[in-house]
Amino acid sequence: MRPRTLDEVVGQEHLLAAGSPLRRLVEGDSPMSLVLYGPPGTGKTTLALIVSSATNRRFEQLSALNAGVKDVREIIARAKAELTHNGRQTVLFIDEIHRFSKTQQDSLLAAVEARHVTLVAATTENPFFSIVAPLLSRSLLLTLQPLDDAAVERLVDRALRSERGLRAEVSLDEDARAHLLRIAGGDARRALTALEAAAGTVLAEGRGSVDLATLEQAVDSAAVRYDRDGDQHYDVISAFIKSIRGSDADAAVHYLARMLEAGEDPRFIARRLVVHASEDIGLADPTALLAATAAAQAVQLIGLPEARINLAQATIHLALAPKSNAVVRAISEAQADVKAGLAGAVPPPLRDAHYAGAGTLGAGQRYIYPPDTPDGVVAQQYPPDELVGRDYVHPAGRGAERALAERLERLRAMIRGRPDAGR
């Protein structure tokens, strides 16, 4: 079912438009070298084969997993001979070129520069970090995007009907189709491999339709009842957060696994953890926000599947942490007062005094710099007159907030000049 022409390629429309460099390379017989950068199953090998077969080119293929400099030099020698004796250009396809060392990549430079070979290199890693600059500068970089569900579905339907595929001998139930698209995750190869395995089982049993149970058995992955745009999306994330809030780490990890298996965006999960760390834990465990933001950063840097571990660590940390909503209550009450009009003038000692004429307005005068005092805390007015004595922060008596509550009361007494200050 691998596409044989550019017109059969599904997805990557940004690379296939009329007059695009890729079309000119295929249709114009240009010896331009390419670097194809994108996730697995998006068509890198397919495009390399189309480039080689569209004209009178020879095709050589290497995998950076097991090829060395010696293999590269042998192919270059054959390519030179073929070009000299028969006038045929050689396309050298190197899969996972990011696994080549700098020395191995450097061995390609002269042949690419002299156009003894047309290099088509595929990588799933950022080429600006994984490919040496001289080789990258001699190649056209094409970025392939993950296939969306509609593109994968077109490929699945083509495989069901095509004479090169299943020749309409089997059909695909709707729930099985939905599960197939979900587990494919934009990877056409994964989708077609799963379909082939399930169809083989169905045909062997004399049936004509691939149902969900057969597909699950074929891919060894249970279907998760989860619609990212429907009720299940909101129900599961709600249960996830409420399980963390309720300190049930086991239930929280279950809902995390459910979302990950269903293909939920890990960035969405990470964002919810960051919010929850301040909303329902706050200063009861100040490390909770650090754990959540670290997990969010890990999702960005690493991605799935490895980042599932970081998300699980943050989930367990937050679930086991003492709970307090003092932070969200504090900002909510303060905003409510501001909206109600309680936003008086800033006291003159606290106003900006870094401009000419500030002193004539009383700005900054009589301000006491706390770090210069023995206690580092002084009695002076900070809020507007209308809000003197107004308290917003009410720490819970749990976790680290127990000690913070005691410290907060001492500080308030000192700042407001109460007789019990310092007790």
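Panel note: side chain Ser139, backbone Leu135; a donor-acceptor pair is recorded below 3.5 Å. A donor-acceptor contact shorter than 3.5 Å links the side chain of Gln105 to the backbone of Phe100. Of the possible donor and acceptor atoms, one in the side chain of Ser33 sits under 3.5 Å from a partner among the backbone N and O of Leu119. The backbone N or O of Ala159 sits nowhere less than 3.5 Å from a side-chain atom of Ser162 that would complete a donor-acceptor pair. Not one N or O on the side chain of Thr193 forms a donor-acceptor pair closer than 3.5 Å with the backbone of Arg190. Side-chain N or O atoms of His14 include none that pairs as donor or acceptor with a backbone N or O of Leu144 at under 3.5 Å. Remark: the backbone N or O of Ser324 is not paired with any side-chain donor or acceptor of Arg329 at under 3.5 angstrom. Remark: side-chain polar atoms of Asp375 are not paired, donor with acceptor, to backbone N or O of Val377 under 3.5 angstrom. Within the 3.5 Å criterion, the main-chain N or O of Arg267 finds a donor-acceptor partner in the side chain of Asp265. No donor-acceptor distance shorter than 3.5 angstrom exists from the side chain of Arg138 to the backbone of Glu113, with no hydrogens or angles considered.
Between Ser209 and Val202 the shortest heavy-atom distance is O-CG2, 3.5 Å. Annotation for His394 and Ala326: closest pair O-CB, 3.3 Å, computed over non-hydrogen atoms. Shown here for Ala191 and Val156, the closest heavy-atom pair between the two residues is CB-CG2, 4.3 Å. Here the closest non-hydrogen pair linking Asp337 and Leu387 is OD2-CD2, 4.1 Å. Leu147 and Ala188 make their closest contact through CD1-CB, 3.7 Å (heavy atoms, listed as atom of the first residue, atom of the second, distance). Across Ala151 and Asp148, no two heavy atoms sit closer than the pair N-OD1, 2.8 Å.
Inter-residue side-chain proximity for Glu60 and Phe93 is flagged as unmet; no heavy-atom pair is nearer than 4.5 Å. Within the 4.5 Å cutoff, no side-chain heavy atoms of Asp175 are placed close to those of Asp211. No side-chain heavy atom of Ser243 sits less than 4.5 Å from a side-chain heavy atom of Arg245. Leu142 places none of its side-chain heavy atoms less than 4.5 Å from the side chain of Tyr37. Looking at heavy atoms from C-beta onward, Ile237 lies in side-chain contact with Met259 at the 4.5 angstrom threshold. Side chains of Leu15 and Leu6 form no contact here, defined as non-hydrogen atoms less than 4.5 Å apart. Using a 4.5 Å heavy-atom threshold, the side chains of Thr315 and Tyr255 count as separate. Using a 4.5 Å heavy-atom cutoff, the side chains of Leu408 and Pro395 are in contact.
Not counting sequence neighbours, the partners of Lys102 by the side-chain contact (heavy atoms from CB on, under 4.5 Å) test are Asp106, Val132. Residues forming a salt bridge (Lys or Arg N to Asp or Glu O under 4.0 Å) with Asp173 (at least two apart in sequence, or on another chain): none.
Ser107 and Gln104 are not linked by any side-chain donor-acceptor pair at a separation below 3.5 angstrom, with hydrogens and angles left out of the test. Under the 3.5 Å distance criterion, with hydrogens and angles disregarded, a donor-acceptor pair is assigned to the side chains of His317 and Thr287.
Glu196 CD: 12 or fewer foreign heavy atoms inside a 6.0 Å radius. The environment of CD in Gln313 is sparse: at most 12 heavy-atom neighbours from other residues, nucleotides or ligands sit within 6.0 Å. Summarising the local packing, CZ of Arg4 is surrounded by 12 or fewer heavy atoms from other residues, nucleotides or ligands at distances under 6.0 Å.
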ask   = Which is it for Leu311 and Leu256 under the side-chain contact (heavy atoms from CB on, under 4.5 Å) test, yes or no, and what are the steps along the way?
value = CA-CA 8 Å; Leu311 290 171; Leu256 173 64; 4.2 Å; yes
Next item on the list: Begin with the C-alpha distance, continue with both residues' side-chain angles, and end with the deciding distance and a verdict on salt bridge (Lys or Arg N to Asp or Glu O under 4.0 Å) for Arg23 and Asp7.
Entry: CA-CA 10 Å; Arg23 280 204 178 271; Asp7 291 334; 3.0 Å; yes
TODO: Just do the side-chain contact (heavy atoms from CB on, under 4.5 Å) check on Tyr392 and Ile331 with the steps written out, would you?
DONE: CA-CA 8 Å; Tyr392 296 114; Ile331 187 61; over 6 Å; no
Legend entry - Working for salt bridge (Lys or Arg N to Asp or Glu O under 4.0 Å), residues Asp157 and Arg177: CA-CA 10 Å; Asp157 287 337; Arg177 176 186 295 268; 2.7 Å; yes
Margin query: Determine whether Arg2 and Leu49 satisfy the following criterion, side-chain contact (heavy atoms from CB on, under 4.5 Å), listing intermediate values before the conclusion.
Written below: CA-CA 9 Å; Arg2 188 185 296 279; Leu49 290 169; 3.3 Å; yes
Legend entry - Thr214 vs Arg207, side-chain hydrogen bond (donor to acceptor under 3.5 Å, both in side chains): CA-CA, chis, key distance, verdict: CA-CA 11 Å; Thr214 303; Arg207 295 187 284 123; 3.1 Å; yes
| task | Before giving the answer on side-chain contact (heavy atoms from CB on, under 4.5 Å), spell out for Leu92 and Val120 the whole-Å C-alpha distance, their side-chain angles and the decisive distance to 0.1 Å. | result | CA-CA 6 Å; Leu92 171 56; Val120 179; over 6 Å; no
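Taking 4.0 Å as the cut-off between side-chain N and carboxylate O, Asp391 and Arg416 count as a salt-bridged pair. Using a cutoff of 4.0 Å between basic side-chain nitrogens and carboxylate oxygens, Arg272 and Glu264 are not scored as salt-bridged. In this structure, Asp95 does not pair ionically with Lys44, as no charged nitrogen and carboxylate oxygen lie closer than 4.0 Å. Here Lys242 does not pair with Asp280 in a salt bridge; the nearest charged N to carboxylate O distance is not below 4.0 Å.
In this structure, His98 NE2 and Thr123 OG1 are separated by 5.0 Å, a value rounded to the nearest 0.5 Å. The CD atom of Glu216 sits 12.0 Å away from the CG atom of Leu180 when rounded to the nearest 0.5 Å. In this structure, CG in Leu318 is found 3.5 Å from CD1 in Ile281, a value given to the nearest 0.5 Å. Here the CG-CG distance, from Leu22 to Leu36, works out to 7.5 Å after rounding to the nearest 0.5 Å. The distance from atom CD1 of Ile244 to atom NZ of Lys323, rounded to the nearest 0.5 Å, is 8.0 Å. For the atom pair CD of Glu13 and OG of Ser20, the computed distance is 11.5 Å after rounding to the nearest 0.5 Å.
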Please table the atom pairs, donor to acceptor, closer than 3.5 Å between any side-chain atom in residues 293-309 and protein atoms at least two apart or in another chain.
from, atom 1, to, atom 2, distance (Å)
Thr293, OG1, Leu289, O, 2.9
Thr293, OG1, Leu290, O, 3.1

